Amino acid sequence: YLAARADEPAMAVILGKISQEAGLLWETLPKGLEIHRRYTEDGRCFTFNMNTTNAPLHYRGLSLDPLETKIIESKPE
């Protein structure tokens, strides 16, 4: 059962192929940065940006202190 035993690099290849075939954008984030988006019924988007490292992290104008989470809300257009 491959999915239960695949390491991170192998999963990145598999997910990259699935994403490409589905027409999704695939972007490599800096190590230690996790981004999760949640949408509400009225169309608002909440983006959770988490730095899981013990060092400051900077990415695309976003600065996160060690172990910090920033939540950004986007309203519907």
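Nothing fancy with the numbering, it's 1 onward along the sequence. The structure presented is a predicted model; accordingly, all values stated were derived computationally and were not measured.
- Within 6.0 Å of atom NZ in Lys17, 12 or fewer heavy atoms from other residues, nucleotides or ligands are found, so the atom counts as exposed in its surroundings.
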Derivation of the side chain to side chain contact (heavy atoms under 4.5 Å, CB included) call for Tyr39 and Arg44: CA-CA 6 Å; Tyr39 296 89; Arg44 290 180 298 155; over 6 Å; no
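- Judged purely by atom type and a 3.5 angstrom limit, Ser63 has no side-chain atom pairing as donor or acceptor with the backbone of His58.
- Counting all heavy atoms, side chain and backbone alike, Lys31 lies closest to Thr53 at O-CG2, 3.9 Å.
- Panel note: side chain Asp65, backbone Glu68; no donor-acceptor pair is recorded below 3.5 Å.
- How far CG of Leu62 is from CD1 of Ile35: 7.5 Å, rounded to the nearest 0.5 Å.
- In this structure, Phe46 CZ and Ile72 CD1 are separated by 12.0 Å, a value rounded to the nearest 0.5 Å.
- For the atom pair CG of Leu64 and CG of Asn49, the computed distance is 6.0 Å after rounding to the nearest 0.5 Å.
- The NE2 atom of His36 lies 11.5 Å from the CD1 atom of Ile71; values are rounded to the nearest 0.5 Å.
- Arg60 meets the side chain to side chain contact (heavy atoms under 4.5 Å, CB included) test with Glu27; sequence neighbours excluded.
- Taking CG of Leu24 as the start and CD1 of Ile18 as the end, the distance is 10.0 Å to the nearest 0.5 Å.
- For the pair Asn51 (side chain) and Ala55 (backbone), a donor-acceptor distance under 3.5 Å is present.
- For the atom pair Lys70 NZ and Met50 CE, the distance stands at 14.0 Å (nearest 0.5 Å).
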